[in-house]
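Throughout, residue positions are numbered sequentially from 1 according to the sequence presented. Everything numeric here is computed off the predicted structure, so don't read it as measured data. For the numbers below, each heavy atom of this structure counts, side chains included, while hydrogens, waters and symmetry mates do not.
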Amino acid sequence: MKPTPLEAAVLAWLAKENSTPQLRAQLHGAVIVNREFSGAGTYTTLAVPSEASPIPSEVELVGQDGPIEGPEVLSPELPTPAATLLWLTERRAAVLEIAGPGIVEAHPTKFTLSAAPSDA
């Protein structure tokens with residue numbers, strides 16, 4: 001299954017902005033095996049190469065399976081910015097979540113990505 005332009009851009013952003021070489025390797029080799037539109041976003045299931053190492057246990061994550069926060073998606077096709085999260089299974093990239101109003105049956109085709117605002 002081919003990534004949508006939005007999925008490809010978010011995965012590339014996550015690989016570029018993340019300092020963990022294991023995650024970068026996982027994302028560079030990831031393929032999409034399923035995409036589910038939930039009515040409020042998408043869940044895109046990823047398969048990473050079996051030879052790609054998991055993220056080391058000394059790397060802190062929000063929870064056991066993440067998520068790792070990705071960029072905000074800004075688009076004239078969406079009423080508000082969409083959030084992106086990368087969920088892990090056994091410290092390997094597993095599901096890319098893109099959530100926001102307006103993502104019902106398709107991803108926006110015109111968009112920009114920006115670092116999500118911090119809570120600090």
Are any non-hydrogen side-chain atoms of [X] and [Y] less than 4.5 angstrom apart?
| X | Y | value |
| --- | --- | --- |
| L74 | P81 | yes |
| T44 | I98 | no |
| S114 | P71 | no |

Say you draw a straight line from [atom1] of [X] to [atom2] of [Y]; how long is it, rounded to the nearest 0.5 Å?
| X | Y | atom1 | atom2 | result |
| --- | --- | --- | --- | --- |
| T42 | H107 | OG1 | NE2 | 3.0 Å |
| D65 | E90 | CG | CD | 8.5 Å |
| E72 | T80 | CD | OG1 | 9.0 Å |
| L96 | T45 | CG | OG1 | 10.0 Å |

What pair of heavy atoms forms the shortest contact from [X] to [Y], and how long is it?
| X | Y | value |
| --- | --- | --- |
| P67 | V62 | O-CG2, 3.6 Å |
| I103 | A82 | CD1-CB, 3.9 Å |
| V48 | A30 | CG1-CB, 4.1 Å |
| W13 | A115 | CZ2-CA, 4.0 Å |
| L27 | A15 | CD1-N, 3.7 Å |
| P101 | P79 | O-CD, 3.3 Å |

Could you tell me if T109 and E77 have a donor-acceptor pair between their side chains, going purely by distance under 3.5 Å?
yes
Quick test of your reading: applying side chain to side chain donor-acceptor pair (under 3.5 Å), list the pairs with at least one residue in residues 19-30, sequence neighbours left out, ordered by first then second residue.
N18-T20
Kindly indicate, with the supporting measurements, whether the criterion side-chain contact (heavy atoms from CB on, under 4.5 Å) is fulfilled by L14 and T84.
CA-CA 10 Å; L14 282 161; T84 60; 5.8 Å; no
Are [Y] and [X] co-members of a hydrophobic cluster defined by side-chain heavy atoms under 4.5 Å apart?
| X | Y | answer |
| --- | --- | --- |
| L46 | M1 | yes |
| L61 | L23 | yes |
| V10 | I32 | yes |

Note: R35-E7 ion pair, threshold 4.0 Å (strictly below):
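A salt bridge is present here (some side-chain N lies under 4.0 Å from a carboxylate O).
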F111: what forms a side chain to side chain contact (heavy atoms under 4.5 Å, CB included) with it, not counting sequence neighbours?
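Applying side chain to side chain contact (heavy atoms under 4.5 Å, CB included) to F111 gives P5, L6, A9, V73, S75, L113.
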Greater than 12 external heavy atoms within 6.0 Å of F37's CZ:
yes
More than 12 heavy atoms from other groups under 6.0 Å of CD on E60
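Counting other residues, nucleotides and ligands, CD of E60 stays at 12 neighbours or fewer.
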Distance-only, no hydrogens or angles: does the R91 side chain make a donor-acceptor pair with backbone N or O of V59 under 3.5 Å?
yes
Give me the other members of the hydrophobic cluster that V104 sits in, counting Ile, Leu, Val, Met, Phe, Trp and Tyr linked by side-chain heavy atoms under 4.5 Å, directly or via other members.
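Under the 4.5 Å side-chain rule, V104 groups with nothing.
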Where do L85 and I68 land on the side-chain contact (heavy atoms from CB on, under 4.5 Å) test, with the steps shown first?
CA-CA 6 Å; L85 298 170; I68 295 172; over 6 Å; no
